[in-house]
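Report on the structure given below.
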Amino acid sequence: MPMPLIRFLAALLLIAVLATPVLKAKSAEPNDHLVIADAVGDYGPLAPLAHHRNGPGYVYTSYVFDTLVGQDPEGRAIPDLAQSWQVSADGMLWNIMMDEKARWHDGLPVTANDVVFTISYLRRHPYLFASVANIGETEVLSDTSLRISLKRPDPDFLSSLLQSLPLLPRHIYRDQEIPGRFVAPRASIGSGPYRLVSYDKVQGRYLLERNASYHLGRSKYRRLAIVRMAPDPAIQAMRAGKVDIIPNLPIARIADVRAAGFGVETANSNHPVRLVFNSRGAFKERMLRHALAYAIDRQAIVDIAFQGAAVIAETGYFQNGSPWRASGNTPSYSHAPETAVKLLRDCGWTRSAHGAWSRDGVPVRLKFIVGNSFLAVATVVSDQLAAFGIRTDLQVLENAAVQDRLRGGNYDLTILSSSTMGGPNGIGRRVLSNSWRSDQFRDENGAMSTLLKEQERTIDPERRQDLLQQFQALYAQELPAYMLANPIWATAHTNRVSPRYLPNGIAIGIPMALHKSMLME
């Protein structure tokens, strides 16, 4: 192992045992290396079909593997492995010209054959972050050009596939029948701005080196390290000049970090925490869903459960900052107990002299199930409903038990969270499907389903925007789930790097400030 690399790894070992802050040292080589201190650290091998099934695993892998279409620092589509692309008027045919300069890390050229192979391979080995199900035929026109035909028009094809699907080298993956177990160093040979040098699963550490022959130019930092470190030790290490980025910085630490002279980027996560009603069970009546919404004080949830590290969420599904959100007024269901009382009485509920609610002569007692991660929010909601006269049986269950109960419809209320970012074609799955993650909304008249299906095949941007605005209004009116709070996420950084949250997230909508554009000169 080269001595400079040994010295660099030794320096990383010192980070974990840093105990007291010291003045930030000025590096003799300001762009020699960049260190990301991640509280989790281990996201699996940096290979598309082996990394952990979460946003950070995808983002860190994107430093090693490129997509056909990239994103600039504003999130706009730009060439990556594809130098240019053309789409037919009906949106069904895509002609793609590859960048002739692109090379895999082992020196072989990236060709149209690699693209066709990747699509074929993922038909047999589906990838969580990009589906190839809508691709019909693929045709190699030359080493640097290909044609992709779709089964149906897809207005999200550029963002959901071309911009999100990492290409695999055919010469490496064609013989791999179980890619999830392919963890040899060769599995991480990509075409991105960095190549993986080492991965320590136990320590939660990655070391990457600059790809000197990267087709899009020179990356800023010769080496990039991702190390497992809790936020407080990471802040100390940042003061000592040993750490450059702290993703997922606790909101309570923002003031300290800024006082130390470092930057902090913040953004709404647009993964709102929502109260899901069983609209196929106890909450079939829309008026009941409205009543509970008026009975809940969302500002108190933000203040108590999130300690201010969130904002009140938007009720019409799309959150602030989404390019699909309409600026028109949608009902906010601001805390109004008197309105909730009237609605419940209109639904036939009765209230005792002590304020307790009954339905058909039976005291109301709602089955409220949550996973442990949502206990704080659920406790505040349960306490508020109890104060309003609605009793809940709040049960905190293991994730597997929660999923079973949700699939079986054995609940009245639950708390969930999922992304509202990225292309809108996944909304139907998140709102109407039978998935345990979904609102499982009982769309009796089919109005919501009709809007979502039409926008999925509408390639006219203005028409699609109109359809999604109609959906936004309908979601707020029907209230499949009541969006409670939109958590705020923060990333700390030194002046050597400029992370930023993209308006609609990375790739399919991952709300991290670590897009690889920050690594490029």
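Just so it is clear, the structure is predicted and the values come from calculations on it, not from any experiment. For this chain, numbers begin at 1 and follow the sequence in order.
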Would the distance check show the side chain of Thr491 and the main-chain N or O of Glu265 forming a donor-acceptor pair, the cut-off being under 3.5 Å?
no
For the residue pair Thr330 and Thr315, what are the closest heavy atoms and their distance?
OG1-OG1, 3.7 Å
Suppose we call two aromatic rings close when their centres sit under 6.0 Å apart. Are His51 and Phe129 close by that rule?
yes
Taking salt bridge (charged side-chain N to carboxylate O under 4.0 Å, His left out) as the test, write out the residues that go with Asp256, two or more places apart.
none
Can you check side-chain contact (heavy atoms from CB on, under 4.5 Å) on Tyr317 and Trp324, steps first, answer last?
CA-CA 10 Å; Tyr317 187 86; Trp324 307 108; over 6 Å; no
Within 6.0 angstrom of Arg286 CZ, more than 12 heavy atoms from elsewhere
yes
Side-chain ion pair, Asp200 and Arg228, N-O less than 4.0 Å:
no
Check salt bridge (charged side-chain N to carboxylate O under 4.0 Å, His left out) between Glu74 and all other residues, then give those that pass, not counting sequence neighbours.
Arg500
CZ (Arg280) with more than 12 external heavy atoms under 6.0 Å:
yes
Going by distance alone, is a donor N or O of one side chain under 3.5 Å from an acceptor N or O of the other, for Asn504 and Ser322?
no
Arg407 atom CZ, over 12 foreign heavy atoms within 6.0 Å:
yes
Determine, for Glu454 against Arg463, whether the closest basic-nitrogen to carboxylate-oxygen distance falls under 4.0 angstrom.
yes
Ser419 and Arg430: side chain donor to acceptor below 3.5 Å:
no
